[in-house]
Structure formats: structure tokens, C-alpha cells
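Note sheet for the following structure.
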Amino acid sequence: MSQSAMLALRARELGASVGSGILSWYGKLPLGVGIVIGVCTAFQLFGLFVTVDQCFSGSAFWLAPVSRAATLFLSHFLHTGWLHFILNMLSFAPFAGYQERNMGTYPFLHFTLLLAATCSVVYFAIAFVVGIVWSTIWTQCVAGLSGIIFALISLEANRGEMQTQDFFGIKVPGAMFPWVLLVVTQFLIPGAAFFGHLAGILTGILHARGFLDAFVPGPDTFSRLESAPFFGGLSRYSAYVGQPGSISLPTFNTQAATQPSMPSAATGASYYQSSYSGYGAVHGGNNQGNAAAGNAGGDAGDRQGLLSGH
């Protein structure tokens with residue numbers, strides 16, 4: 001066999017091995033995270049053939065808010081290159097997977113869209129103010145899932161659930177970690193969207209402080225979706241995660257935080273926000289919810305590995 005033929009054979013074997021590994025990794029994801037990553041992947045592949053102009057720009061949205069309204073959401077699922085795409089998918093999966101396995105698939109999908117829209121609105125406000133003295137930020141077009149990733153990290157940190165992190169050998173207090181990560185990311189990747197990441201951090205703070213409660217449906221709403229003919233079809237997939245039967249509602253009162261409560265329509269916002277305080281203790285629920293909760297430890301380990309810089 002010639003040398004070129006041997007190289008071609010090894011390349012095919014390597015490609016098959018990598019492809020098998022990716023499929024195995026994807027198959028272990030909960031359904032909602034898989035859907036988000038699938039949408040991002042579809043956009044990335046579609047961009048090989050057609051230019052997708054759906055990044056978010058403050059000036060473009062100001063001039064045409066109706067026609068550019070979709071960018072409030074779509075910009076988060078588009079990426080500027082394959083490295084950008086890969087890094088975001090690898091970072092998003094463990095953080096988001098841990099959340100979905102505790103809150104359920106439908107609440108998680110709503111949660112993702114809520115973070116996306118809020119990140120865009122916060123970024124627009126930042127661009128409007130900073131653009132007064134620095135016009136570049138006003139016309140800059142941003143895209144990518146990293147804003148949502150920063151929002152997830154910020155939400156955990158601002159709910160007091162993030163412990164001191166060993167970040168490349170440096171001890172960083174949990175509350176400061178999102179800000180340290182913001183600076184380090186910009187230093188390592190100078191072309192990164194600093195203000196887009198900042199918008200994610202601020203979004204996490206808004207959510208942690210309850211400012212987004214009005215946009216959070218109660219758990220009975222998601223229960224109706226699960227039983228609806230169209231949306232209920234998702235619940236038949238093995239990767240689907242049902243809502244937990246009951247949880248410990250989050251609170252800033254240490255004593256009250258130890259008392260579990262049953263979610264209801266009236267406590268929907270608190271129920272939903274519990275997603276980022278580790279979801280409290282999960283009790284009961286359907287078999288899928290219980291099994292998923294038991295698997296959350298793997299995501300917690302992956303998250304810790306990312307946070308510690310390993």
C-alpha cells in the first residue's frame with residue numbers, strides 16, 4: 001500500500017473515531033440541551049452555503065426594531081466560526097445539562113429563550129450608553145451562545161451557590177468568578193465580544209434578584225404542555241426530562257431555605273428560579289425526572305472541571 005493510501009486510510013479511521021465520539025457525547029445530553037446544540041449546529045452548517053445575517057447590533061435594531069426583532073433570539077444560536085462554535089458547545093453542555101436535569105425539559109427551553117432575550121435587551125442598553133462615547137460598540141454586531149453561558153455562571157454566583165474556585169491555580173471567590181472569567185476571556189481572546197459577555201453577567205444578576213419573575217410561567221403551564229397533543233410528543237423521547245414532583249424553593253433566608261415546598265402556579269417564578277441554586281432537593285416526580293436528577297452529578301463534575309480551568 002502506498003504512503004498516500006495509508007494516510008488516507010488513517011484519516012478515515014480518525015474521522016470515524018471522532019464522529020463516533022461526538023455522537024456518543026451528544027446521545028448522553030438531555031433533550032433540551034440537545035435541541036439547543038442541534039439548532040446551533042444546523043445554523044453553523046447552513047452558514048457554509050448561505051450567509052445568515054442574524055447577529056445582533058444596537059444600531060440595526062434601533063433603525064428597524066420590527067424586522068430585526070428575531071435577532072433578539074437568533075443571534076445567540078449563530079457563531080462566527082468553528083472554533084467559536086465548538087468552544088461554546090463544550091461550555092454550554094455541562095452547565096445547561098445540570099440545569100435541565102433538575103428543572104425539566106420544557107422549563108429549561110423557556111429558561112434559555114428568556115436568558116437569550118434578556119441578554120439582547122441588556123446588551124442594547126449597554127451599547128446605547130457606551131455608544132455615546134465609543135460609536136464602535138453601537139454598530140458592532142455580536143453573536144454566539146457565550147452570553148447565555150455567562151448568564152448561567154453569573155446566576156449561580158449571585159445566588160451564593162458557587163464556592164471558591166481553583167482557576168488555573170488561583171483561588172477565586174465564587175461571587176467574583178464571573179468577573180474574573182470576563183477579564184481572562186478577553187485577555188486570551190482579544191476579539192471576544194466583551195460587552196456581550198458583560199450583558200450575560202448582568203442578566204444573571206437580574207434573574208438572581210427576581211427582576212425576571214414576571215416572565216416565568218407557573219409549573220402548571222409546563223404540565224399542560226407536557227399533556228398537549230403536539231408538544232407532548234417530546235415526552236416520549238428517552239432524553240426527555242420531566243418536571244420534579246417537588247423542590248426546595250430558593251430563598252435568601254437561610255432558615256427558610258431548608259424547608260421544602262410544593263410548587264404551584266402562585267410560586268411559579270420561585271420554582272423556576274430554583275434551577276440555579278442547584279434546584280434544592282428533588283423529591284418524587286416521574287421516573288424520568290428521578291433518573292435525570294440522579295445523573296446530575298456527572299454534569300456537576302463537568303462544570304467543576306470547566307470552572308477550575310481543567
Side-chain angles (χ1 to χ4, degrees), residues 11 14-15 18-19 21-23 25-26 29 31-93 95-96 108-132 134-152 182 185-203:
L14 178 61
V18 172
I22 292 175
L23 290 177
W25 170 79
Y26 186 81
L29 299 174
L31 183 60
V33 176
I35 289 174
V36 173
I37 291 179
V39 169
C40 292
T41 303
F43 275 125
Q44 194 68 16
L45 293 174
F46 189 67
L48 295 175
F49 308 99
V50 179
T51 300
V52 183
D53 181 24
Q54 290 295 333
C55 59
F56 185 80
S57 165
S59 61
F61 184 76
W62 176 266
L63 293 173
V66 176
S67 63
R68 300 293 295 181
T71 61
L72 290 169
F73 300 94
L74 292 180
S75 60
H76 295 276
F77 306 103
L78 301 173
H79 293 82
T80 58
W82 283 102
L83 180 60
H84 185 206
F85 167 79
I86 292 171
L87 290 177
N88 275 353
M89 296 307 101
L90 292 177
S91 299
F92 177 75
F95 285 100
F108 168 77
L109 290 174
H110 176 271
F111 179 63
T112 301
L113 292 177
L114 178 60
L115 290 183
T118 308
C119 277
S120 295
V121 172
V122 172
Y123 176 81
F124 177 82
I126 293 173
F128 184 85
V129 174
V130 178
I132 297 175
W134 186 25
S135 61
T136 301
I137 182 63
W138 181 237
T139 58
Q140 186 181 48
C141 209
V142 297
L145 207 59
S146 53
I148 293 178
I149 296 171
F150 269 87
L152 293 174
L182 175 68
T185 299
Q186 200 64 32
F187 177 77
L188 296 177
I189 311 174
F194 176 86
F195 290 104
H197 297 166
L198 175 61
I201 292 177
L202 296 179
T203 294

inquiry  = Within this structure, what is the CG-CZ distance for the pair L198 and F150, rounded to the nearest 0.5 Å?
reply    = 9.5 Å

inquiry  = Rounded to the nearest 0.5 Å, what separates atom CZ in F73 from atom OG1 in T71?
reply    = 10.0 Å

key: Closest non-hydrogen atom pair, C40 against H79   = SG-CE1, 4.0 Å

inquiry  = So which atom in S91 and which in I149 form the shortest heavy-atom distance, rounded to 0.1 Å?
reply    = CB-CD1, 3.8 Å

Residue pair [X] / [Y], side-chain heavy-atom distance below 4.5 Å:
{"X": "I126", "Y": "L202", "answer": "yes"}
{"X": "I37", "Y": "W25", "answer": "yes"}
{"X": "F111", "Y": "L152", "answer": "yes"}
{"X": "F43", "Y": "L74", "answer": "yes"}
{"X": "T41", "Y": "F85", "answer": "yes"}
{"X": "N88", "Y": "F92", "answer": "no"}

Side-chain donor-acceptor distances from residues 185-197 under 3.5 Å, at least two apart:
from	atom 1	to	atom 2	distance (Å)
T185	OG1	L181	O	2.7
Q186	NE2	P190	O	3.0
Q186	NE2	A192	O	3.0
H197	NE2	S146	OG	3.0

key: Verdict with supporting geometry, I35 and F108, side-chain contact (heavy atoms from CB on, under 4.5 Å)   = CA-CA 11 Å; I35 289 174; F108 168 77; over 6 Å; no

With a 3.5 Å cut-off and sequence neighbours excluded, list the donor-acceptor pairs that the side chains of residues 113-120 form with protein atoms.
from	atom 1	to	atom 2	distance (Å)
T118	OG1	L114	O	2.7
S120	OG	L72	O	2.7
S120	OG	H76	NE2	3.0
S120	OG	A116	O	3.2

inquiry  = Check the orientation of F56 and Y123. Use parallel for under 30°, tilted for 30 to 60°, and perpendicular for over 60°.
reply    = perpendicular

inquiry  = Using 30° and 60° as the class boundaries, would you call the ring planes of F128 and W62 parallel, tilted or perpendicular?
reply    = tilted

